[in-house]
Number of protein chains: 2
Amino acid sequence: MSDSGANTPTVDDVARLAGVSIATVSRVLNGSARVSDDKLTRVRAAVHELGFRPNPAARSLAGRHARIIAVLAGTTSRFEQVEIIRGIEESSRAAGYLMSLTAVGDADDDSIDQALSLVLDQAVAGVIVLTSDAVGVAALRRIPEGILTVTVSGMPQNGVPHVSLDEPAAAGELVAYLLGLGHTTVHCVGVPASPNEDERILGWRRALRAAGAATPEVIHSSEEPNSGCAIGRQLARSPGVTAVFCGSDVLAMEVMHGLAEAGKSVPDEVSVVGFGDHPLAALWRPALTTVNQDFAGLGNRAFLVLDGLISGPLGRTFASAAPALVVRDSAASPVDPGGAALT
Amino acid sequence: MSDSGANTPTVDDVARLAGVSIATVSRVLNGSARVSDDKLTRVRAAVHELGFRPNPAARSLAGRHARIIAVLAGTTSRFEQVEIIRGIEESSRAAGYLMSLTAVGDADDDSIDQALSLVLDQAVAGVIVLTSDAVGVAALRRIPEGILTVTVSGMPQNGVPHVSLDEPAAAGELVAYLLGLGHTTVHCVGVPASPNEDERILGWRRALRAAGAATPEVIHSSEEPNSGCAIGRQLARSPGVTAVFCGSDVLAMEVMHGLAEAGKSVPDEVSVVGFGDHPLAALWRPALTTVNQDFAGLGNRAFLVLDGLISGPLGRTFASAAPALVVRDSAASPVDPGGAALT
DNA sequence: TTGAAAGCGCTAACAC
DNA sequence: GTGTTAGCGCTTTCAA
């Protein structure tokens with residue numbers, strides 16, 4: 001029964017050592033009310049001497065809300081997701097929240113519920129779901145009512161606060177650039193992500209329509225590691241393909257690899273552009289023309305929106321950085337029928 | 001005072017609805033003792049009907065240990081770290097632990113303490129520190145006594161349980177391969193990571209010594225995004241450089257880029273090998289010869305060791321997968337002085 | 001097998 | 001300003 005000192009100290013120990021009541025200790029801990037300088041110092045000294053740390057469970061039981069936010073994602077290791085998560089972590093750390101990260105293995109209910117129960121069993125202040133892939137979207141649907149939630153990336157899901165980059169605009173810029181180079185149309189290779197059309201494809205389609213250009217069938221890559229390579233080889237065989245817009249930089253690299261395997265040269269015979277400005281895009285040969293997206297900034301905003309929800313119902317929205325076209329070497333003017341490049 | 005139903009249900013609500021005591025509810029919740037089939041069913045029904053979830057704070061206050069493990073890291077977005085973290089998350093999820101992730105901004109005490117207090121304020125069961133960079137190592141030093149800790153990657157730190165891959169062996173294989181190709185020595189470009197020598201450099205040095213080859217001065221890359229490019233250009237100017245071992249695949253790509261800028265061709269004039277088998281290594285031109293490392297598996301083991309620490313003092317160790325050399329196209333036999341390749 | 005009751009360590013009224 | 005006290009929602013003896 002006697003707190004002889006072996007175990008972790010409690011407020012009682014601190015109070016006793018400082019010669020004050022536990023309420024006073026609590027007050028200095030939270031700065032919630034005026035405390036005389038004298039006792040303030042004594043409490044602080046006692047806290048320090050004991051190496052006291054308030055028990056978080058007791059704290060949140062007594063009313064303070066949890067300082068953990070959870071992020072849920074299907075994939076956590078692709079460039080985009082990594083950056084978004086990094087952004088979330090950065091902002092939540094700055095705001096004094098611990099970020100938890102849980103991957104959802106599969107889109108089936110069991111995997112989702114298992115991942116979800118981990119989160120729900122931990123008194124989190126709110127959750128951010130990465131809805132850039134089907135698994136994330138599926139997970140979102142099983143989050144019970146009453147859990148503060150925001151989604152990030154991908155399409156907005158009915159009613160849930162959502163933050164995203166202007167991907168249609170970014171994709172549109174790329175397509176417009178390609179069209180401006182003289183290509184009559186632009187083919188599209190999409191990331192597997194979306195069950196329905198994703199925003200990048202949307203932007204590609206809109207830009208093509210706006211220019212009155214034909215909209216070829218979208219080719220979808222699969223989850224397989226290098227599925228873009230086969231697509232590249234296939235594209236090499238299709239006549240009339242002079243420009244290809246890919247749903248991500250890595251996908252563009254795979255497509256270029258496949259094109260090269262089939263003997264097509266980029267950008268001389270086929271122009272290829274990516275999406276996202278991957279760190280290796282500039283080192284790629286030929287250096288990849290793409291559009292820069294501030295994924296980490298997107299993560300920052302996702303947290304900020306959630307934090308707004310936690311603090312109160314002030315639904316702030318945040319402006320996103322405009323997409324920046326990064327022109328490098330993987331796109332050029334098409335070769336004219338006669339054989340010579342236009343430029 | 002009356003729990004009319006608006007708020008989240010408690011054990012009391014469940015007990016009342018099921019017509020049993022709260023103790024019985026707790027028993028079925030934890031399966032801690034025999035409960036008659038009749039009451040068991042009624043309680044389960046009540047739990048289900050109310051959508052009851054035990055309050056985690058109350059639970060851990062009442063004695064159950066936290067089900068959160070924290071991971072602390074300097075960098076969280078490089079391939080290696082991303083994979084290690086993915087591995088940790090995977091294993092901890094399987095074991096019913098939520099994983100929190102916090103990046104440590106800088107190596108200064110303030111950044112570290114800020115990151116640490118986030119973790120320490122949350123009743124975590126244990127922490128895993130990624131000591132592959134200087135920031136991680138610095139953070140480790142400030143973790144207070146009594147916090148279950150394991151380090152992963154990088155050099156073992158005095159007394160702290162540590163798991164890592166056999167990086168010296170992996171580096172050695174690469175060097176031996178290069179030497180076997182006919183190179184008289186192998187130059188080395190190290191990742192900035194370590195204040196002191198890292199294990200990859202160690203393996204490189206040992207292998208060279210074992211073969212009786214000269215050990216050139218190690219060139220260190222910096223934290224700057226493409227610092228390896230400049231090193232590549234520099235290497236191109238240095239006569240006698242025929243083979244280069246790089247501390248990571250991305251670094252190897254940068255070095256190759258610099259070499260190419262300076263007009264050197266890989267592997268004809270200079271052989272370059274990386275470390276880690278990055279997903280893009282196979283797509284790179286020329287495809288990168290490297291050594292595969294199971295970083296995600298390393299993360300799995302890190303969690304398992306921590307879990308062992310949590311469950312009891314049974315200091316299990318886990319065997320690591322043997323490094324696998326991945327021979328691709330970026331290394332070849334050196335050109336002999338006369339100008340013709342040996343092979 | 002079951003219920004009553006005593007806390008877990010803290011915060012927040014409420015008195016003084 | 002400061003102390004006393006009543007919980008927060010659970011788990012767990014201890015009796016019955």
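Just so it is clear: chains get the letters A, B, ... in the order the sequence lines come, proteins before strands, and each one is counted from 1.
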Quiz item: Among D:dT2, C:dT11, C:dA4, which is the nearest nucleotide to the side chain of A:N30?
Solution: C:dT11
Quiz item: If you fit an axis to the five pairs at each end of the helix from C:dT1-D:dA16 to C:dC16-D:dG1, how big is the angle between those two axes, to 10 degrees?
Solution: 40°
Quiz item: Can you tell which of C:dA12, D:dC10, C:dC10 lies closest to the side chain of B:T10?
Solution: D:dC10
Quiz item: Mind checking whether B:V20 and B:V25 have side chains closer than 4.5 Å, heavy atoms only?
Solution: yes
Quiz item: Under 4.5 Å between any side-chain heavy atoms of A:N300 and A:E90, yes or no?
Solution: yes
Quiz item: Closest to the B:A62 side chain: C:dT11, D:dG9, C:dA12?
Solution: D:dG9
Practice problem: For DNA chain D, find the residues of residues 39-57 of chain A with a heavy-atom distance under 4.0 Å and give them by number; none if there aren't any. | Solution: A:K39
Quiz item: Which value, rounded to the nearest 0.5 Å, describes the distance between B:F295 atom CZ and A:S77 atom OG?
Solution: 13.5 Å
Quiz item: Which pairs count as side-chain hydrogen bond (donor to acceptor under 3.5 Å, both in side chains) when at least one residue sits in residues 53-63 of chain B, sequence neighbours excluded?
Solution: A:D121-B:R53, B:N30-B:R59
Quiz item: So what does B:S36 touch, heavy atoms closer than 4.0 Å: a base, only the sugar-phosphate, or nothing?
Solution: sugar-phosphate
Quiz prompt | Distance test, side-chain N/O of B:R59 to OP1/OP2 of D:dG9, below 4.0 Å | solution = no
Self-check item: Residue whose nearest DNA chain D nucleotide is more 5′ - A:I22 or A:R34
Solution: A:R34
Quiz item: Are any non-hydrogen side-chain atoms of A:L148 and A:V127 less than 4.5 angstrom apart?
Solution: no
Quiz item: Can you find a heavy atom in the side chain of B:M99 that is under 4.5 Å from one in the side chain of B:V71?
Solution: yes
Quiz item: Can you list, by residue number, the residues of residues 114-127 of chain A that have a non-hydrogen atom closer than 4.0 angstrom to DNA chain D?
Solution: none
Quiz item: Does B:I85 reach the side chain of B:L130, with side-chain heavy atoms less than 4.5 Å apart?
Solution: yes
Quiz item: Under 4.5 Å between any side-chain heavy atoms of B:L140 and B:T149, yes or no?
Solution: yes
Quiz item: Among C:dG3, D:dT11, D:dT5, which nucleotide sits nearest the side chain of B:S26?
Solution: D:dT11
Practice problem: Using a cut-off of strictly less than 4.0 Å, decide whether B:S60 has a side-chain nitrogen or oxygen near OP1 or OP2 of C:dC8. | Solution: no
Using a cutoff of under 3.5 Å, can you pull out all pairs of nitrogen or oxygen atoms linking the protein to nucleotides 14-16 of chain C, with atom names and distances?
none

Quiz item: Taking NZ, NE, NH1 and NH2 as the nitrogens, is one of them in A:R78 or A:E223 under 4.0 Å from a carboxylate oxygen of the other?
Solution: yes
Exercise. Please determine which of B:I68, B:I88, B:I69 meets the side-chain contact (heavy atoms from CB on, under 4.5 Å) test together with B:Y97.
Key: B:I69
Practice problem: Rounded to the nearest angstrom, tell me the gap between atom CG in B:D38 and atom C1' in C:dT1. | Solution: 12 Å
Quiz prompt | Whole angstrom value for the distance that separates C1' of C:dG3 from CZ of B:R16 | solution = 16 Å
Quiz item: Under the side-chain hydrogen bond (donor to acceptor under 3.5 Å, both in side chains) rule, what pairs show up with a residue in residues 40-52 of chain A, not counting sequence neighbours?
Solution: A:D38-A:R42
Quiz item: Is A:E89 salt-bridged to A:R86, cutoff N-O under 4.0 Å?
Solution: no
Quiz item: Just how far is it from atom CZ of B:R34 to atom CZ of B:R27, taken to the nearest 0.5 Å?
Solution: 13.0 Å
Quiz item: More 5' along DNA chain C: B:L61 or B:D37, using each one's nearest nucleotide?
Solution: B:D37
Quiz item: Is any side-chain heavy atom of A:F303 closer than 4.5 Å to a side-chain heavy atom of A:V150?
Solution: no
